[in-house]
Amino acid sequence: MSWAIVDIENFYCSAERVFDPTLRNVPLIVLSNGDGCAIARSAEAKALHIAMGAPMFKIREIVKRHGVQYRSSSYELYADMNRRFNMVLSEFSDTVEIYSIDESFFRLPVLPSGLGDVEQAQRIRTTIKQHVGLPTRIGLGPTRTLSKVANALAKASEKVWNGVIDLHDEGLRRRMFAKWPIEEVWGIGKAMVKRLHPLGVRTTADLAAMHPDLARDVGTVVLERLVRELNGVECSDFQPEPEALKSTAVTRSFGEPVRDREVLREAMVRRAVRAAEKIRAQKLQACRLIAFAHGSRFKPNAPSASKVARLSPSTNDPRVIAGTAARMAEAMFEQGAVYTKCGVMLEGLEPESGAQQDLFSLPDPRSPALLAVLDGINDRFGRNTLRLASEGMGAKSYDTKRAYKSPSWTTRIDQVPIAR
DNA sequence: TCTGGGGTCCTAGGACCC
DNA sequence: TCTGGGGTCCTAGGACCC
């Protein structure tokens, strides 16, 4: 079998550039939520040694000196560009598996044209560039892992390979693996590197040569599968249908630190309401709620608390979820502590219909109708048109900062780009 | 002064059951 | 002195990913 993966080059930066030509050919970074650190860097920005995750206050000098452009992250735009990217991809393949916001696995079709795999991949890249404006790279191989390695190699030596590498050939694999450090392999993180290095396993060639049983001993079944996949043995299937969400989280840093119990409660309620909205959109309900609040992890003695509550019966009702989260926030608040972030996680998600009923606390039969009206109005007139009183009104100082956001080019009718 | 957010999978260990 | 064996379910925590 044959696997392919296509990833978008420096996705958030590339997406920003599609609708703003002034950002092209200059160093550009996209900032995390709260405008805290650089989470995407253009090639020019990487050349200035701006690291992934570098906090803005530490790179201010470089930014000023080299005129580095920066933008707040704009997830509506990225999600929409991702949708367009996958639309083009599905014109070429009927087996597309969306893996992340900037990558999709797919199967190359067998074309009667006699076009080779690499030529087909090049054609896909050209079309995505023409139709969506995004630069991509493609890795090919007999397993998922090998296509990922091929993709990473294509990224690392862009000029030599022109954006496509095919690792079906064992000879090529041997040559490439000998020089490719395990740190760069998909699925090998810091902890695994620490365990593998003492065993003399440093290159991908060393890793591929490990006995699967040893791999399982050193790591887990995950490492064993990884080793098998490096040798061309498929250990995973295509998943064209996205799996149902199993958990979801809404966590945000505050624009300004929070020192007040009522403020913490209100911020927690806003996140809880958002989380409930997310699972309703997927027709899911949750049976477990985790709320947490903490201070800066870079400061000593920062507060840190989290609480778990069982939701019985399972629910996606914002009144229940926000009410529970509010009580948890009040209970975890410590007088005198400085909070910089809080969040809500919903777990044990299950479909609305097939959910377990709780004999002793039946849900209000009128709730579904009420929630449908709530979502209907907010869909139509904008988020927060209808809200819980406990969410408070208007913008707050604790809201996440997004000071450098570009217009919502593709998702807001009043902000579409105008050609003059 | 200022440091992101959102997921999945695996394992070990405890509770509980027969 | 000596205290079975096997299964399931749940949770916490680690590791990894983008």
Side-chain angles (χ1 to χ4, degrees), chain A residues 5 7-12 29-41 50-61 63 70-75 78-79 82 98-105 144-145 148 151-152 155 182-196 215-226 235-236 239 242-257 271 274-275 278-279 282 287-288 290 292 294-299 302 306-310 338 340-349 356 400-403:
Chain A
I5 186 162
D7 87 302
I8 304 168
E9 193 176 326
N10 311 326
F11 176 45
Y12 297 171
I29 56 177
V30 171
L31 304 173
S32 61
N33 259 319
D35 296 336
C37 11
I39 53 164
R41 306 150 297 148
I50 295 177
M52 175 67 179
M56 192 56 175
F57 74 93
K58 281 190 182 172
I59 54 174
R60 197 136 267 156
E61 272 312 300
V63 167
Y70 46 94
R71 291 289 180 272
S72 303
S73 33
S74 190
Y75 289 98
Y78 310 149
N82 168 269
I98 298 173
Y99 174 63
S100 75
I101 190 124
D102 68 343
E103 293 167 280
S104 287
F105 286 103
R144 203 186 272 269
T145 305
K148 277 293 272 184
N151 180 270
K155 205 177 294 193
I182 53 171
E183 286 87 337
E184 305 297 324
V185 175
W186 185 50
I188 301 290
K190 267 192 202 142
M192 209 48 70
V193 168
K194 236 185 193 164
R195 286 198 221 171
L196 289 168
R216 196 185 191 121
D217 270 4
V218 175
T220 64
V221 64
V222 178
L223 189 67
E224 179 190 343
R225 286 203 279 255
L226 200 161
C235 301
S236 57
Q239 313 235 314
E243 305 248 315
L245 206 59
K246 295 182 170 128
S247 69
T248 196
V250 175
T251 73
R252 299 268 185 285
S253 295
F254 302 132
E256 300 281 335
R271 286 151 179 73
R274 179 92 318 131
K278 268 167 84 172
I279 64 171
Q282 315 251 341
C287 72
R288 199 164 43 249
I290 298 154
F292 73 86
H294 61 68
S296 168
R297 59 197 162 105
F298 301 97
K299 294 231 170 89
S306 94
K307 288 187 179 298
V308 187
R310 177 155 286 282
V338 180
T340 56
K341 177 176 179 173
C342 80
V344 166
M345 291 179 251
L346 296 176
E347 296 187 345
L349 301 185
Q356 279 274 332
T400 305
K401 279 185 278 191
R402 282 174 114 192

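Keep in mind that what you see is a predicted model, and the values were worked out from it rather than measured. Proteins come first, then strands; the chains are lettered A, B, ... in the order of their sequence lines, and each starts at number 1.
By the neighbour-count criterion of 12 heavy atoms within 6.0 Å, atom NZ of A:K401 is sparsely surrounded, having that number or fewer from other residues, nucleotides or ligands.
OP1 or OP2 of B:dG6 sits under 4.0 Å from a side-chain N or O of A:T251. Within the structure, every side-chain polar atom (N or O) of A:R225 is placed at least 4.0 Å from both OP1 and OP2 of B:dC9. Proximity of A:T248 to the phosphate of B:dG7: a side-chain N or O atom is located under 4.0 Å from OP1 or OP2. Here A:K341 reaches the OP1 or OP2 of B:dG5: one of its side-chain N or O atoms lies under 4.0 Å away. The shortest distance between the side-chain N/O atoms of A:S253 and the OP1/OP2 oxygens of B:dG5 is below 4.0 Å. Contact check, A:R288 against C:dT11: a side-chain N or O comes under 4.0 Å of OP1 or OP2. Here A:R60 does not reach the OP1 or OP2 of B:dT1: none of its side-chain N or O atoms lies under 4.0 Å away. OP1 or OP2 of C:dC18 sits under 4.0 Å from a side-chain N or O of A:K148. Note on A:T220: every side-chain N or O is 4.0 Å or more away from OP1 and OP2 of B:dC9.
Counting only heavy atoms from C-beta on, A:L245 has its side chain closest to B:dG7 among B:dG7, C:dC18, B:dG5. Nearest to the side-chain atoms of A:Y75 among the listed nucleotides B:dG4, C:dC16, B:dG6 stands B:dG4. Each of B:dG7, B:dC10, B:dT3 was ranked by its minimum atom distance to the side chain of A:F298; first place goes to B:dT3. Picking from B:dC10, B:dT8, B:dT3 the nucleotide with the shortest atom distance to the side chain of A:S247 gives B:dT8.
A:G34 comes within 4.0 angstrom of nothing in the nucleic acid, heavy atoms only. Residue contacts for A:E243: at a heavy-atom cut-off of 4.0 Å it reaches no nucleic acid atom on any strand shown. Within 4.0 Å (heavy atoms only), A:L31 reaches no atom of the nucleic acid at all. Using a 4.0 Å heavy-atom cutoff across all strands shown, A:R310 reaches sugar-phosphate atoms only and no base atom. Nucleic acid contact for A:V308: none, since no nucleic acid atom lies under 4.0 Å from a heavy atom of the residue. Using a 4.0 Å heavy-atom cutoff across all strands shown, A:K299 reaches sugar-phosphate atoms only and no base atom. Among the atoms of the strands shown, only primed sugar atoms or phosphate atoms (P, OP1, OP2) are found under 4.0 Å from some heavy atom of A:V185. Among the protein residues, A:D102 comes within range of the sugar-phosphate backbone only, with heavy atoms under 4.0 Å from sugar or phosphate atoms but none that close to a base. Among the heavy atoms of the strands, none lies under 4.0 Å from A:M345. Across all strands shown, A:K401 has no heavy atoms under 4.0 Å from either base or sugar-phosphate atoms.
Proximity of a side-chain donor or acceptor of A:K58 to a complementary backbone N or O of A:C37 within less than 3.5 Å is not detected. The closest donor-acceptor contact from the side chain of A:T220 to the backbone of A:V222 lies under 3.5 Å. Using modelled atom types, one side-chain atom of A:T340 and one backbone atom of A:S296 make a donor-acceptor pair closer than 3.5 Å.
Of the listed residues (A:S253, A:S72, A:S73), just one forms a side-chain hydrogen bond (donor to acceptor under 3.5 Å, both in side chains) with A:D35, and that residue is A:S72.
Here C:dC16 presents its C1' atom at 12 Å from CG of A:L223, a figure rounded to the nearest Å. Nucleotide B:dT1 holds its C1' atom 18 Å from the CZ atom of A:F254, rounded to whole Å. Whole-Å rounding puts the A:Q282 CD to B:dG6 P distance at 14 Å. Distance CG (A:N33) to P (B:dC2): 18 Å, rounded to an integer number of Å. A straight line from CD of A:E103 to C1' of B:dT8 spans 15 Å, rounded to a whole angstrom. Here the P atom of nucleotide B:dC9 and the CD atom of A:Q239 are 8 Å apart, to the nearest Å. In this structure, the CZ atom of A:F105 is 11 Å from the C1' atom of C:dC17, given to the nearest Å. In this structure, A:I182 atom CD1 and C:dC16 atom P are separated by 10 Å, rounded to whole Å.
Separating the CD atom in A:Q239 from the CD1 atom in A:I98 is a distance of 13.0 Å, to the nearest 0.5 Å. Between atom OH of residue A:Y75 and atom CG of residue A:N82 there is a gap of 13.0 Å, rounded to the nearest 0.5 Å.
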With side chain to side chain donor-acceptor pair (under 3.5 Å) as the test, would you mind laying out the steps for A:T400 and A:N33 before giving the verdict? CA-CA 7 Å; A:T400 305; A:N33 259 319; 5.6 Å; no

Could you walk me through whether A:S236 and A:R144 satisfy the side chain to side chain donor-acceptor pair (under 3.5 Å) test, starting with their C-alpha distance in whole Å, then the side-chain angles of each, then the deciding distance to 0.1 Å, before giving a yes or no? CA-CA 7 Å; A:S236 57; A:R144 203 186 272 269; 3.0 Å; yes

Where each pair must be Watson-Crick or G-U wobble with both distances under 3.5 Å, what dot-bracket representation of DNA chain B is obtained, with crossing pairs in [ ] and other-strand partners as |? ....||||||||||||||

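When each of A:K246 and A:G36 is assigned the nucleotide of DNA chain B bearing its nearest heavy atom, the one mapping closer to the 5' terminus is A:G36.
Between C:dC18 and B:dT3, the two P atoms lie 25 Å apart (nearest whole Å).
In summary, A:E103 and A:K148 engage in a salt bridge, as defined by a charged side-chain N under 4.0 Å from a carboxylate O.
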